[in-house]
Amino acid sequence: MSKPVVTRFAPSPTGFLHIGGGRTALFNWLYAKRHGGTMLLRIEDTDRERSTDAAVAAIIDGLTWLGLTWTGDPISQFERAGRHAEVARSLVDAGKAYYCFCTAQELDEMRETAKAEGRPPRYDGRWRDRDPAEAPPGVKPTIRIKAPLDGETVVNDQVQGRVVFPNKDLDDFIILRSDGTPTYMHAVVVDDHDMGVTHIIRGDDHLTNTARQQIIYSALGWEVPVMAHIPLIHGADGAKLSKRHGALGVDAYRAMGYLPAALRNYLVRLGWAHGDAEILSTEEMIALFDLEGIGRSPSRFDFAKLENLNGHYIRHTDDAELLTHLEILLDHIPSGPALKAKLDEAMRARLVAAMPGLKERAKTLLELLDGAQFLFAERPLQPDEKAGQLLDDAGRAALSALLPLLGDLQDWTASSTEAAVRAYAEAAGLKLGKVAQPLRAALTGRSTSPPIFDVLAVLGRDEALARIRDAV
Ligand code: GLU
């Protein structure tokens with residue numbers, strides 16, 4: 001029997017969850033789910049200067065909102081520093097690594113010489129075979145791996161194929177700093193091994209690191225996990241998306257009114273394909289996701305495509321569930337608190353009742369919320385400019401004639417109000433629009449809205465009649 005699949009998402013907590021990180025997490029999550037395995041979350045917080053608790057919280061918040069789950073508690077890489085040091089020292093004992101007593105000045109000189117000679121700056125191995133007894137006093141050593149001097153390191157990547165690194169290009173890099181802390185290269189290998197990670201799925205900016213990490217694996221006699229390096233996401237213009245670009249955190253997509261299911265669907269298609277399937281439910285993604293379907297060229301982020309997909313998901317999401325997403329959105333937009341204050345049970349019920357009309361015309365939850373403004377509006381409404389024009393003398397006259405007819409209605413529904421408005425327009429010899437448009441202006445303060453008879457029904461008799469009276 002083969003080993004259970006273990007993947008991991010290993011973000012550095014130096015900022016929010018970048019959209020590319022969200023995609024990496026999604027791929028790891030899907031792969032684990034597909035194979036009945038687990039995904040772990042490792043916080044790579046060894047860079048103490050740049051790692052913050054706020055960033056850890058933002059990453060967890062972003063993953064949670066995206067619906068991506070991991071097994072067990074998040075693992076702090078920093079807390080495992082003792083283990084990393086122990087493994088590094090065991091490599092020295094085994095003759096696979098060594099103490100290097102170079103001073104900062106020596107290393108500077110080495111770099112300068114290499115530069116002057118037009119070579120890439122590489123450590124020259126001067127302590128590789130030297131007796132530590134010759135160490136200068138007072139210098140705290142680093143530990144360097146004994147990298148192979150010739151031959152090549154081959155990465156057999158599930159996405160990139162066979163990638164060859166000549167060993168002459170890989171120097172004896174540091175695995176433990178002089179202060180006893182591990183380098184990123186070393187910590188990742190030890191952690192992935194100790195955590196039982198079987199598949200490493202990450203951005204292809206890590207591909208050259210992989211060659212170095214494989215040198216550590218082989219020094220330790222550990223099995224290298226399956227590697228899959230996914231091409232980065234580029235902008236619509238083909239330029240690389242900047243990691244520190246504020247608008248591109250997962251939280252920003254939430255605040256722009258995207259549904260997590262839509263973003264998952266969009267992200268899975270950003271670099272992975274199954275035939276030409278565009279719309280995939282999460283269940284379908286789990287059933288179909290594989291490493292073979294990951295493309296080799298960078299994908300381009302396309303907002304229009306994301307919007308269309310989001311519109312699809314909004315139309316196909318249950319009304320009550322949409323309300324839940326809308327309430328989450330309110331926690332993340334500037335106008336949210338004021339609207340939330342009005343969100344009592346009656347308002348929730350109205351929103352759900354209005355949802356069928358609202359969701360037909362919204363590509364984002366922000367648009368949906370905009371369409372719902374008439375529900376939150378307080379009397380007397382302040383009509384916008386176009387609505388003001390509809391409420392001219394003729395418009396107001398039509399409304400004042402309509403008012404008693406609506407008031408007489410026995411039951412108050414979209415169809416009963418529609419029948420009354422149509423009957424009035426016909427009797428008065430007016431086109432329906434000549435009545436419906438002023439009515440829309442009176443009820444919503446705008447010239448566009450969800451279907452007007454739905455608006456009447458959703459507002460309810462008392463509120464609707466009062467708004468019409470205000471306008472007249
Ligand atoms: N911490 C690294 C990053 O955020 C990822 C390391 C890895 O996946 O191996 O880029």
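Read the numbers this way: they start at 1 and go in the same order the structure lists the ligands and their atoms.
Contacts of Glu283 classified as side-chain contact (heavy atoms from CB on, under 4.5 Å), with partners at least two apart in sequence or in another chain: Ser281. Take His332 and apply the ring-ring contact (aromatic ring centres under 6.0 Å, His included) test, not counting sequence neighbours, and it matches no residue.
Proximity to His206 (heavy-atom distance under 4.0 Å) selects the following atoms of ligand 1: 2 (C), 3 (C), 5 (C), 6 (C), 10 (O). Ligand 1 places these atoms under 4.0 Å from at least one heavy atom of Ser12: 1 (N), 2 (C), 3 (C), 4 (O). Of all atoms in ligand 1, listed by their number and element, those nearer than 4.0 Å to a heavy atom of Tyr184 are 6 (C), 7 (C), 9 (O). Short contacts between ligand 1 and Arg8, defined as distances under 4.0 Å to a heavy atom of the residue, involve ligand atoms 7 (C), 8 (O), 9 (O). Within the listing of ligand 1, atoms 1 (N), 2 (C), 5 (C), 6 (C) sit less than 4.0 angstrom from a heavy atom of Glu44.
For Asp61 and Arg254, the salt-bridge test passes: some basic side-chain N is under 4.0 Å from an acidic carboxylate O. Contact check on Asp192 versus Arg42 returns a salt bridge, with a Lys/Arg side-chain nitrogen under 4.0 Å from an Asp/Glu carboxylate oxygen.
A distance of 12.0 Å separates CG in Asn310 from OH in Tyr266, rounded to the nearest 0.5 Å.
Between Leu368 and Leu329, the closest side-chain pair of non-hydrogen atoms is not below 4.5 Å.
Taking distance alone, with nitrogen or oxygen atoms compared against 3.5 Å, Pro11 stays at or beyond that limit from ligand 1. Polar contact check, Arg42 against ligand 1: no nitrogen or oxygen pair lies under 3.5 Å apart.
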